[in-house]
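Only one structure is covered here, and it is reproduced in the block below.
What you see is a predicted model; the values in this text were computed from it and never measured. Every chain is numbered from 1 and lettered A, B, ... according to where its sequence line falls, protein lines coming before strand lines.
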Amino acid sequence: MTDKKTSETSEEKKSLNFIEQIVEEDLKNGKHKEIITRFPPEPNGYLHIGHAKSIILNFGLAEKYNGKTNLRFDDTNPVKEDVEYVDSILEDVQWLGYKWHGKVHYASDYFEQLYEWAVKLIKNGFAYVDDQSGEEISATRGTPTKPGIESPFRNRSAEENLDLFERMRKGEFKDGEKVLRAKIDMSSPNMHMRDPVMYRIKHAEHHRTGNKWCIYPMYDFTHGQSDYIEGITHSVCTLEFENHRPLYDWFLDHIYEEGRTRPRQIEFARLNLSYTVMSKRKLAELVEKKYVSGWDDPRMPTISGLRRRGYTPEALKIFADKVGVAKRENIIDVGLLEYSIKEHLNRITQRVMTVLDPLKVTITNYPEDKEEFLSAINNPEDESMGSREVPFSRTLYIEKEDFKEEAGRKFFRLKLGGEVRLRYAYFIKCNEVIKDENGNITELLCTYDPLSKGGKSPDGRKVKGTLHWVSAKHAVDVEVRLYDRLFSDESPDGHKDKDFTEFINPDSLTILKNCKAEPFLKNVKSGDRFQFERKGYFCVDKESSKKNIIINRTVSLRDSWKKKNA
RNA sequence: UGACCCAUGGUGUAAUGGUAACACAGAUGGUUUUGGUCCAUCCGUUCUAGGUUCGAGUCCUGGUGGGUCAGCCA
């Protein structure tokens, strides 16, 4: 029953992805003795599953090749960043199970060093202060097919540039009045090489450096040098930075000192998931416009959302492994994510019986005051988890959808005059259906076969259906929240003429208030995970309390019956 | 109509000049006290046209299609 194939065959001969090949090559030919990677988020939002792929890639590389991984906040833009995000990012990385090397790094720790390098570039004639406005700079940059125009301030003397740059730092100028630019090539076919801005003036309070600085380095003048300072060997980022690489290398060329580790930028394709959006801006919009309850809403593709939904770090690693690493644009089927969590939860979760949509069943030939306890297996995939006792009595609940007065032979569940097995309990036969004045079924009158205790056929007769059930007297009331995909379209932000919010699925959340669980659930705490037999994997929500137990459905079980009849 | 990058089943990822492999999805069947798990079988002439080679998914050239770049964002 248990699966042994995943542990044996799949690990043996796994081919390397292109980044691992580069690393192995660099290690083999002695370019590096040890690799150091880094995860460099900007603290301007919550991490999502795309970041999880990057985290797992970077930390995974270091684990595999006995290297190290730094955590560094790319905090060069004070107006967008906040400690709230720093904290959530720290929590998410740790939850994934990774430990960064040494202390947490911040690009803002390097502001002084960066400033000195900027001065060096100025002295060597590779940078100048430009007085043009943002609009002018933009207008003279040219287009991808037309070269740009050199700034009239491009050929100032080093002395003048130095003086101006110092005064920029001192705060003598207003925001936007001046910038420091690299002097490269205004007619480069690569737009990023057309005298990119290195520093801009922002009289804004930074979440770490406060008001110490009023000039802030741009990403391009920060990232590679930060890698260099930290001794990063492989600087892995996403494809949209491909065009930045020549600039990354250009800055390094001008500050590099012989003998030191020189970082290399390598780009891979970011993760895209079907039926969701991944951009920070769009996720923020979902939160702000209250389409979801917050960044950690269980329907969100954020790490905190997935965590609250009941995902495990292991599942995300399984997922990342299956997705792979390459340079091709991709949209991963969300089904693969769901498969990954099912695969893990199937192995580890406690089984439990919970009726989500209860229908009362009275066993007419079962004594009024009798109750008994029946043994149920906790996890068929893991014998060491043992078994538990489940109470049985005359009045029970079964799932409404598990009964039909009349149905074809393909319907294995309970029908009038038919017999099914109650899991771990008895065979029961339905003799009578009770309805209210509107014709709704309110109760089933059944008889049980005392000889079928434990669910074994006493005389060898077979029943096709096995139902989960809960004893009414012993039932624990719980609230269950079912989640469906947030969007009805596979690629909600892939339509030019339509806004992604038009595809929001109005039925992505269903709250069930009247669910009946077996007594095992009485003392659950938030974060506990279960399989509700025949219903799916569930996780106790953070809002859950003793009085009001709230449980999220992480993912449903595969259901070939429902699929066929859909 | 510039530069850079990409193109292998429905979706992803392999094959490192030598029999197109693995996973997910789908289909069919088997086992089963979860219509779960597990097991078996089926599902691609590698975007296109040339070229190099004994041999090309892989190397070269052209084409086609897609992505990225014109923030004082990262």
Side-chain angles (χ1 to χ4, degrees), chain A residues 1-5 9-10 13-17 21 40-42 44 74-77 79-81 130 133-134 137-139 141-148 175-176 178-181 188-194 196-202 216 218-220 222-223 237 239-246 267 269 274 280 321-333 335-340 342-343 346-347 351 353 376-377 380-381 410-413 421-425 454-457 463-468 531-536 556-564:
Chain A
M1 254 203 188
T2 33
D3 148 11
K4 49 179 73 156
K5 137 198 131 193
T9 53
S10 65
K13 255 213 179 148
K14 249 205 124 215
S15 51
L16 303 176
N17 66 50
Q21 290 178 31
E42 183 188 16
N44 69 343
D74 229 328
D75 55 349
T76 58
N77 189 351
V79 302
K80 289 195 170 186
E81 296 151 9
D130 196 341
S133 68
I137 289 178
S138 173
R141 192 173 349 251
T143 70
T145 51
K146 271 192 274 306
D175 288 10
K178 288 184 167 43
V179 291
L180 183 72
R181 289 228 256 172
S188 169
N190 182 340
M191 297 294 289
H192 296 285
M193 301 300 273
R194 323 247 260 228
V197 172
M198 295 163 61
Y199 272 90
R200 75 287 216 192
I201 299 170
K202 276 181 195 282
Y216 291 92
M218 299 288 290
Y219 165 85
D220 285 304
T222 305
H223 203 94
C237 63
L239 247 28
E240 63 268 31
F241 291 101
E242 229 160 9
N243 292 341
H244 294 240
R245 185 161 15 103
E267 312 86 13
S274 64
K280 256 175 212 173
D321 181 62
K322 291 190 179 302
V323 161
V325 176
K327 297 190 74 165
R328 177 153 50 140
E329 303 279 347
N330 59 73
I331 300 178
I332 308 292
D333 189 338
L336 189 64
L337 215 212
E338 293 170 351
Y339 170 82
S340 303
K342 283 188 244 192
E343 208 268 323
N346 176 49
R347 291 174 352 226
R351 267 60 167 175
M353 292 194 286
I377 293 165
E381 307 294 319
K410 290 284 201 168
F411 185 79
F412 302 156
R413 286 109 105 139
R421 169 170 38 235
L422 294 181
R423 181 148 227 230
Y424 300 125
K456 297 198 175 56
S457 22
V463 289
K464 195 77 171 136
T466 301
L467 308 185
H468 63 283
Q531 184 197 96
F532 289 176
E533 296 227 20
R534 304 210 301 139
K535 290 275 110 183
S556 57
L557 254 26
R558 187 162 155 242
D559 189 346
S560 45
W561 161 249
K562 193 176 183 178
K563 205 174 294 167
K564 247 183 235 175

Which part of the nucleic acid, if any, lies within reach of [X] when heavy atoms closer than 4.0 Å are counted: base, sugar-phosphate only, or nothing?
| X | answer |
| --- | --- |
| A/R558 | sugar-phosphate |
| A/F411 | base |
| A/R351 | base |
| A/R245 | nothing |
| A/K280 | nothing |

Could you check how far [atom1] of [X] sits from [atom2] of [N], rounded to whole Å?
| X | N | atom1 | atom2 | result |
| --- | --- | --- | --- | --- |
| A/E242 | B/C4 | CD | P | 11 Å |
| A/Q531 | B/G36 | CD | P | 11 Å |
| A/E343 | B/C24 | CD | P | 9 Å |
| A/Y339 | B/G26 | OH | C1' | 15 Å |
| A/E267 | B/C5 | CD | C1' | 9 Å |
| A/L467 | B/U34 | CG | P | 11 Å |

In whole Å, measure the gap between the [atom1] atoms of [N] and [M] for me.
| N | M | atom1 | answer |
| --- | --- | --- | --- |
| B/C38 | B/C5 | P | 42 Å |
| B/U45 | B/C6 | P | 25 Å |
| B/G12 | B/A74 | C1' | 27 Å |
| B/U46 | B/G65 | C1' | 16 Å |
| B/A56 | B/G51 | P | 12 Å |

Legend entry - Contact pattern, 5' to 3', of nucleotides 69-74 of chain B - B, S or - by protein heavy atom under 4.0 Å: SBSBSB

Legend entry - Under 4.0 Å protein heavy-atom contact, by nucleotide of nucleotides 9-20 of chain B - B base, S sugar-phosphate only: --SSBSSB----

Inset, instruction - For the residue pair A/L557 and A/Q531, establish whether any side-chain heavy-atom pair is separated by less than 4.5 Å. - result: yes

Got a list of protein N/O to nucleotides 56-61 of chain B N/O distances below 3.5 Å?
none

Could you tell me whether a side-chain N or O of [X] sits under 3.5 Å from a main-chain N or O of [Y], the two making a donor and an acceptor?
| X | Y | answer |
| --- | --- | --- |
| A/D333 | A/S274 | no |
| A/E533 | A/M353 | no |
| A/R194 | A/T143 | yes |

Inset, instruction - For A/R413 and for A/K342, locate the closest nucleotide of RNA chain B by heavy-atom distance; then report the residue assigned to the nucleotide nearer the 5' terminus. - result: A/K342

Legend entry - Upstream residue (5' side of RNA chain B) when A/T145 and A/Y424 are each assigned their closest nucleotide: A/T145

Inset, instruction - Please identify each residue that fulfils salt bridge (charged side-chain N to carboxylate O under 4.0 Å, His left out) with A/E338, with sequence neighbours left out. - result: none

Inset, instruction - Output all residues satisfying side-chain hydrogen bond (donor to acceptor under 3.5 Å, both in side chains) with A/T466, sequence neighbours left out; order by chain, then residue number. - result: A/R421

Legend entry - Minimum-distance nucleotide to A/N346 side chain [options: B/C24, B/U37, B/G35]: B/U37

Legend entry - Secondary structure of RNA chain B in dot-bracket form (Watson-Crick or G-U wobble, distances below 3.5 Å, | marking inter-strand pairs): .((((((..((((....[..)))).(((((.......)))))....(((((..]....))))))))))).....

Inset, instruction - Classify the angle between the aromatic ring planes of A/H244 and A/H192 as parallel (below 30°), tilted (30 to 60°) or perpendicular (above 60°). - result: tilted

Inset, instruction - Using the side chain to side chain contact (heavy atoms under 4.5 Å, CB included) rule, pick out the option among A/M198, A/H223, A/R200 that qualifies with A/M218. - result: A/R200

